[in-house]
Amino acid sequence: MRRKLVAGNWKMHMTATEAVATVECFIKEIGSKDSADMVICPTFLSIPKVRELTKSTKIEIGAQDVFWMPKGAFTGQISAGMLRAAGCSYCIVGHSETRGRFGKLEIPAETVCHFGETDHTVNLKIGALLEHGIRPILCVGETQAERDASMTDAIITTQLEKALHSLDPTELDALVIAYEPVWAIGTGKVCDSLEAERVCGLVRSILEDLVGEGLARTCRVLYGGSVKASNAKELFSQPNIDGGLVGGASLDPKEFAAIVSSA
Ligand code: PEP
């Protein structure tokens, strides 16, 4: 039986002071409820404060990105070892925003190219995280243009194959996958629950081919893209959807607590 997991991706929102207030409110809202595993992914700067506040709770901390080298002359980067030392037990990898696939948003070309994420760097990041005992939350998903061209299944297959390339299946127990259709992220356009269920089921069958039936059965596959308290229950009740990766709605502690409660 897979335990549900709900992770909040705060993206580039909130100062450390604002993060503290939000987490305090979330802790109050959630009380002693224990319906799902909970992860908050604040900005790097807020991780220590949020970790301090959540230490005696069941809330775990995730980072939003990582650099794969252990240390060195890599200005501006943060390693998996540093995240572990700061108390992170999860890290998002290959989010469509770091992959530069911003969906429908009007983003200047220089911003789209800024992050330079590729399937290969996603693969290196997963390897570094696993080495440090951090659970990668690997994001995969198609853009609207790719969906319109009936390329969804092929895109998901390629992203998973390349992300997991040459990683040891026996070390992948910690892996979490989030199906995040790019067109649903931050747009208010949630994927139909049956279609989200179909793609999450597809993720599981691709995993079966890549890493074996055991891991395909136990790996948690989340849905992400405009999840709110009003649609979470239907999404999370699908057999192959093991919870959610939540962006905008995780910034509101009451809304996020309601989403967790639906899991
Ligand atoms: C995300 O950032 O991963 C996400 C799913 O965002 P939102 O919930 O705002 O669509």
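As the structure lists them, so they are numbered: ligands from 1, and atoms in each ligand from 1. None of the values given here were measured: they were computed from a predicted structure.
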Residue from Val199, Val190, Leu245 passing side chain to side chain contact (heavy atoms under 4.5 Å, CB included) with Tyr223:
Val190
By the definition side chain to side chain contact (heavy atoms under 4.5 Å, CB included), identify the one residue from Ser89, Pro48, Ser46, Pro42 that meets it with Ile61.
Pro42
Salt bridge check, Arg198 against Glu195: does any charged N sit closer than 4.0 Å to a carboxylate O?
yes
With the threshold set at 4.0 Å, does a side-chain nitrogen-carboxylate oxygen contact exist between Arg99 and Asp119?
yes
If we ignore hydrogens and angles and just use 3.5 Å, is the side chain of [X] paired with the main-chain N or O of [Y] as donor and acceptor?
X: Gln238; Y: Glu234; value: yes
X: Arg135; Y: Val176; value: no
X: Ser193; Y: Leu235; value: no

Polar-atom distance check: Gly186 versus ligand 1, any N or O pair below 3.5 Å?
yes
Checking the N or O distance criterion of under 3.5 Å, is ligand 1 in contact with Thr187?
no
Could you establish whether Ala184 and ligand 1 come within less than 4.0 Å of each other, counting only heavy atoms on the residue side?
yes
Check if Ala249 has a non-hydrogen atom at a distance under 4.0 Å from any atom of ligand 1.
no
Quick one: nearest non-hydrogen protein atom to [atom], plus distance?
atom: atom 9 (O) of ligand 1; result: Gly248 N, 2.8 Å
atom: atom 4 (C) of ligand 1; result: Gly247 N, 3.6 Å
atom: atom 1 (C) of ligand 1; result: His95 NE2, 3.2 Å

Short list, please: which atoms of ligand 1 are under 4.0 Å from a heavy atom of [X]?
X: Ser226; answer: 7 (P), 8 (O), 10 (O)
X: Asn9; answer: 1 (C), 2 (O), 3 (O)
X: Gly225; answer: 5 (C), 10 (O)
X: Leu245; answer: 3 (O), 5 (C)

In one Ile/Leu/Val/Met/Phe/Trp/Tyr side-chain cluster, 4.5 Å: Val140, Val227
yes
